Amino acid sequence: MSQDTDVVDSEVVRTDTSDVLLETRQLSKYFPITKGLWGRTVGQVKAVDHVDLQIRQGQTVGLVGESGCGKSTLGRCILRAQEPTSGEILYRRTDGEVVDLAPLTERQLKPYRQDIRMVFQDPFSSLNPRMTLADIVGEPLRVNKVVKESEVEDRVAALLARVGLRPEYLRRYPNAFSGGERQRVGLARALALDPRLVVADEAVSALDVSVRAQILNLMKDLQADEDLTYLFISHDLGMVEYMADEVVVMYVGHVVETGPTADLYRRPQHPYTEALLSAVPNPDPNAAKRRERIVLQGEVADPSDVPSGCPFRTRCAYAQELCATSVPALREVSPGRRVACHFSEELGLRGIEELGVA
Amino acid sequence: MGKYTLRRIGLMVITLVAISFVTFWIIQLPPGDYVSTLVAQAESRGQVITPEQMAALRVRYGLDDPFLVQYWNWISNIVFHGDFGQSFAYNRPVSTLIWDRVALSFFLSVSTLLFVWAVAFPVGIYSAVKQYSPGDYIATFFGFVGMAIPEFLLALVFLWLGVRYFDQSAGGLFSPEYVDAAWNLGKVLDLASHLWLPILIIGISGTAGLIRVTRANLLDELYKPYVITARAKGLSEWKLLVKYPVRMSLSPFFSTVGWLLPGLISGETIISIVLSLPTTGPLLFGGVLSQDMYLVGSFILILSALTVVGTLLSDLALAWWDPRIRRRYQES
Amino acid sequence: MLQTPTSDQTTSRRLDPDAPPVLQLTGLRTEFQLEDGVVTAVDGVDLTIRRGETLAVVGESGCGKSVMARSILQLVDRPGRIVGGQVWVPRPASTEVERARGRSRRRRRRRETPAETTVAPEGMVGLIGADPAIIRAVRGKRIAMVFQEPMTSLSAVHRVGDQITEAIQLHAPMPKDVARERAIDLLRRVGIAAPEKRVDAYPFELSGGMRQRVMIAMALSCDPELLIADEPTTALDVTTQAQILELLASLRDERGMAIMLITHDLGVAAQLADSVAVMYLGNVVERGDLAEIFRSPRHPYTRALLRSIPKLGQGRDIRLAPVRGMVPHPFARPSGCPFHDRCDSFQPGRCDTAPPPLIRDDQGHEVRCVLYEEDK
Amino acid sequence: MTERTERRDTGASGTSTDVWDASELELEGATMSQEGMEIPLPSPGGDDESGPTPELARAALAQGGTASQWRLVWRRFRRHKVAFVALWVVLAIYLIMAFAEVLAPSTATAQDPDYAYAPPQALHIYHPSEGLGLYVHDFTVTQNPETFANEFEIDTDSYIPVGFFVSGEPYEMWGLFPMDVHLIGPEDPDRPFYLWGADRAGRDSLSRILYGSRVSLSIGLVGVAISLVLGIALGGISGYYGGKPDTLIQRIIEFLMAIPTLPLWLALSAAIPASWGPLARYFAITAILSVIGWTGMARQVRGKFLSLRTEDFITAATLDGCSRPRIIFRHMVPSFSSHVIASLTMAVPGMILAETSLSFLGLGLQAPAVSWGVLLQDAQNIRTIETAPWLLLPGLAIFITVLAMNFVGDGLRDAADPYK
């Protein structure tokens, strides 16, 4: 595995890290491919492959990429909803101490589970249909014994009001609610323990357009009021631009580019980012007509059989020989901008304005 | 695919070895052994058998050997000589006994199967396509009724009806005048006139079950998007039905079709007993009653082997029928 | 495989307003009769698509756009039922109808016609209540459909080539090998690499994007006048979506067929369509030239919808203005204008009493809202 | 493939799979997500941003969304009218079983050789001379000189008054309390009273069928209970932990399924020592039936665990900090308990039929124990059936019971997932 060493050797530049709330270092998640009667392991799906990610306190980091790029797996590894294969998850506690969450046991992890919470994509499967809102939202309160049993209901009612639902809904079951309302319940559950970081995995993708904006606005308001940090995972670049301060672009398990949102959208440094931006359908009829579209050829690489060198080279118009032999490291090309491409400085890639999508 | 088949065959052999152990253990299970049965029989006839004679008998049948030795003797005879041992009760080789009756069991099972398929598939398909129509309600009701009547009860009722209203004994295979007669057209017709009843009786519960299964499977498929796609092409409803949803709905059927294999030999035990048909079923039953364990053991072994082989054939048939399964086999 | 940076310079396609219609819906109503009541999924839709036109039908889930599309070819499954209106299509040639009738000459008894007896437009035939053979002659041949989920919409146990040749041979009898050659051609045309090999593949051996290409190839097999694409890119990734939209645009320009694009994504609509129909709760609330409507939407729903989606390049400082409330329960369809309970311009006593009038301006821009009544 | 094998286990019925089961759209607001048809969920009305809600929705929402899982299941079950009726039938049957001693006009063992093979007597309500009141006619018994069998003539002149709660044959209620009250019987306990005829020893068929229900009906419950315990324990381990234990248990199940059922039953029951008493035999037979029955249950439980493990709401519970037992018992078990109950209901009639068949063959329970299978043994040969066709009546009891249970199971399965 030459590419592993390549990546490890690369110099990870760490600027001022005092405001970093959570950081992953070389985080990987491989799923074994098993075969035969007794489940022999014959290969690995590298869903997340040596990922470095920084999330700053009070900010929203947008994680984008196509389906199967590992963005959801990365989110779940950070939450330890899935066990990472290797790497570190460094979390800065309120007292300033930094802990690695990756090796902790379930028991040791429990206090941190209160600080890092999740909002799920599917508002239907993420709420237990057999429990009332009082039970669902109250579950974290009860399990962690944050408040007395007698106060749980009042807390839940307050939380429901906080996310724009009537407190009287306490006794109702999720099936009485529409997708948007269920997503509000999901937010209330996430907020129940006063978290510091919320991982929102495609939290609004399943919602109708008109309701989606309601939830996005609510998330923004909550962030301002409760000093939340978001990891906003989405495939929709429009929503990510609306939500995120910083964007991380993933392609088959690798981070290919990161940077402040506006800057990254205006001046992408990785050909994949450029292609993604160009593919966004825009409802502005003027833009749609004058746009220059880059239509990527072929399919997303198979994460169980990643191409040698740069994983994107098979679909990249600018690929050269070097790309097939050497894995481009994620390197800082300008302050705050990191990219994993050998030629990013030479390419002069087009951003949303040149592409005509804005 | 070939590799997959080979691996499955290997696995099958392991399973069969395990089954043979269990079988032999069951053979050994009844308290007392065949000799004590013999002694009891002799005593009931007023004969006296001395302990020495008993010991001699035990040595003769190898009943005092350790379990593994006895097992080895038994299984090696089966594997290498096709010798399933001696039926104590009939005092004849088990293999001859079974072999004598296989043809009829086979014939009966195959005819029943054809009857069941011929009735159940069309009715099940109709029932699904015309869901909630009067015809569907009738078929559904028949399905439930058919599944609620034990086969032997049905046989008894038919027997009674036959005697009561048609003055005809429905049991047996031949009318008395043909039992010992040589084969001729009359005898064949006589056989046919006796066989339709068992076929009907065995068929009814099978048909009822299969109607329900066919209906449910087809309903699963009938409203799938690919059916709409095919309809949007302009296919006629009938062609569409046969080519797409019906074909799909047969996949679950294929996954159980291999289990018919042991059924061919087990000879519909209970019905055959009630209707006194000389299939393998009553033989097995007689063996059980007289604790003729070699006979019973042989049955379990043969039927298990057929089940295992049937499962394999079933999986292969499914792979032939459904390319998705084929692909999965090729991958694993 | 190389990507080709293409510039898409289809400078605003001109639409001939006098082109003959390929489909005309008048007062189409489709209901779902459920145990707890009746859901009117499509509530009196009038729409016309002309030759060469690309019409996007947009709306949120539950607005009835999909049911409407399926009602055209009578593909709505139980308990859905078309209860009124008519679907007019150019009358298919009698040879085509006879072929669709097949060997069985017997005529099926005609179903009752729920449609009011209107005089057929010149050269058109109404599909509702028509002879099944006529419907079959139109399906696939004149009007073809592409669905959202290419995986479930293709039969998993038939090779893709066989599914395409079936469609070819159904409407144009020809030897199997000729049909197969045509299928390979079609696959090549929709951008599938090595079509000689893929023609024998099963759908599960292809990726999502390729499957959707197969669906498109199948739909194109008989050169339809109208392609109805029901959320053709919703299940696909954004880069694959761009590929498919590109493909649809080039096929349309090459063949001059009309497209009805059903989508909830206004961006997708803007990329492909010339005109747009906005649906809300079974009604078309606004209809007209796409650029015109997206630039200056008139119906409050269209306006709210356009306001509620983040646009690229807008940044994070402009706050989105979502539509108020939720889409009503289907049994609880508001009286009068279905949108009145979420509308910012709600006029009590007016919007909630009678259905709003259809206002049509000189450019053919239609809107169903009382706000524009004075303009008349 | 797993779904297909699952179907094999659960049997099949169309109603569960009716795509357009109209109840999918309920006022409770279960979702309706049919391809090509999107109908939004009901809004519970007026949260901060929503406007006026129309009357109908308000009415629906007044009680909307407050029904628990079991109430939803019950509501759906009640819509399945046949199943609903069948449920009452099953309950009635079990009630009859519980009070068999009182309900029976006689006992299972009381015999009167004079009335061997006595035919059923009709119960009359109105007598021309005696007036209103229940009564039956007596028989005149003659012996056939050739066969020595009793031949019965209804003696229309005779009058045997019948009363309720009469005292008759003494018995021990539930084996505990000595009693002699019978719900119905001749006022004079010495007069013949055979509503469903008598068997070869002149025992009352009706009473024997009622007593026989004890074994026949309970064996299904006990057998299913054993299957359930084995199936849930092993299936749960298999599905929740996965890995090596799962593989091992799966192989065991496959192995057991490779052994054909009937010969195995036959062989195992043949191996039960003849000397065992009825109770020991009863449990031995139950155990034999469950040995084969648990595999299906285990597979099903495993499947549920496997699919639930990946559900988002289970992940959410983990992230809430729930312990493993809490996740299993508070989140997972309630999610599949309704399914398990449905399949249990489907399994009971199978067990009843199996016991009946074994007993009928003389391999299950044996006289003097009474079960429906044992009773039917008397009707095994054609001559007996010819003389006394009423000996087939236990078959009717089996038929009604199994039919009703199948309907209930079918309805329960359809209703088991109200959130579909």
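These numbers come from the heavy atoms of this one structure, side chains and all, not from hydrogens, waters or symmetry mates. Note that the structure is predicted; figures quoted are calculated from it, not measured. Each chain gets a letter, A, B and so on, in the order its sequence line appears, and its residues count up from 1.
Taking every heavy atom of both residues into account, A:Q214 and C:G325 meet most closely at NE2-O, 3.1 Å. The two atoms that bring C:Q271 and A:V280 nearest to each other are NE2-O, 4.1 Å, heavy atoms only. A pairwise comparison of heavy atoms in C:L305 and A:V209 identifies CD1-CB, 4.4 Å as the closest pair.
When heavy atoms are compared at a cutoff of 4.5 Å, A:D302 does not approach chain C at all. The parts of A:Y242 that come within reach of chain C are both its backbone and its side chain, each placing non-hydrogen atoms under 4.5 angstrom from that chain. Residue A:D236 does not touch chain C at all, counting heavy-atom pairs closer than 4.5 Å. Looking at C:A291, both its backbone and its side chain come within 4.5 Å of chain A, counting heavy atoms on both sides. Of the two parts of A:S67, the backbone and the side chain both hold a non-hydrogen atom closer than 4.5 Å to a non-hydrogen atom of chain C. With a threshold of 4.5 angstrom between heavy atoms, C:L236 does not approach chain A through any atom at all. Using a 4.5 Å cut-off between heavy atoms, A:I215 does not touch chain C at all. For A:A319, no part lies under 4.5 angstrom from a heavy atom of chain C.
Side chains of C:D265 and A:P283 form no contact here, defined as non-hydrogen atoms less than 4.5 Å apart. Side-chain contact between A:R315 and C:T239 is present, with at least one heavy-atom pair separated by less than 4.5 Å. Considering only heavy atoms from C-beta on, C:P322 stays 4.5 Å or farther from A:V211 through its side chain. Annotation: side chain of A:R212 is not in contact with side chain of C:V323 (no heavy-atom distance under 4.5 Å).
To the nearest 0.5 Å, atom CD1 of residue A:I352 and atom NZ of residue C:K311 are 13.5 Å apart.
There is no side-chain donor-acceptor pair under 3.5 Å between A:S210 and C:R324.
A donor-acceptor pair under 3.5 Å is formed between the side chain of A:N217 and the backbone N or O of C:L320. Side chain of C:Q241 to backbone of A:A279: no donor-acceptor contact under 3.5 angstrom is found.
In the displayed structure, A:E321 atom CD is contacted under 6.0 Å by at most 12 heavy atoms of other residues, nucleotides or ligands.
Chosen from A:T60, A:D245, A:V300, A:L216, the residue pairing most often with chain C at heavy-atom distances under 4.5 Å is A:D245.
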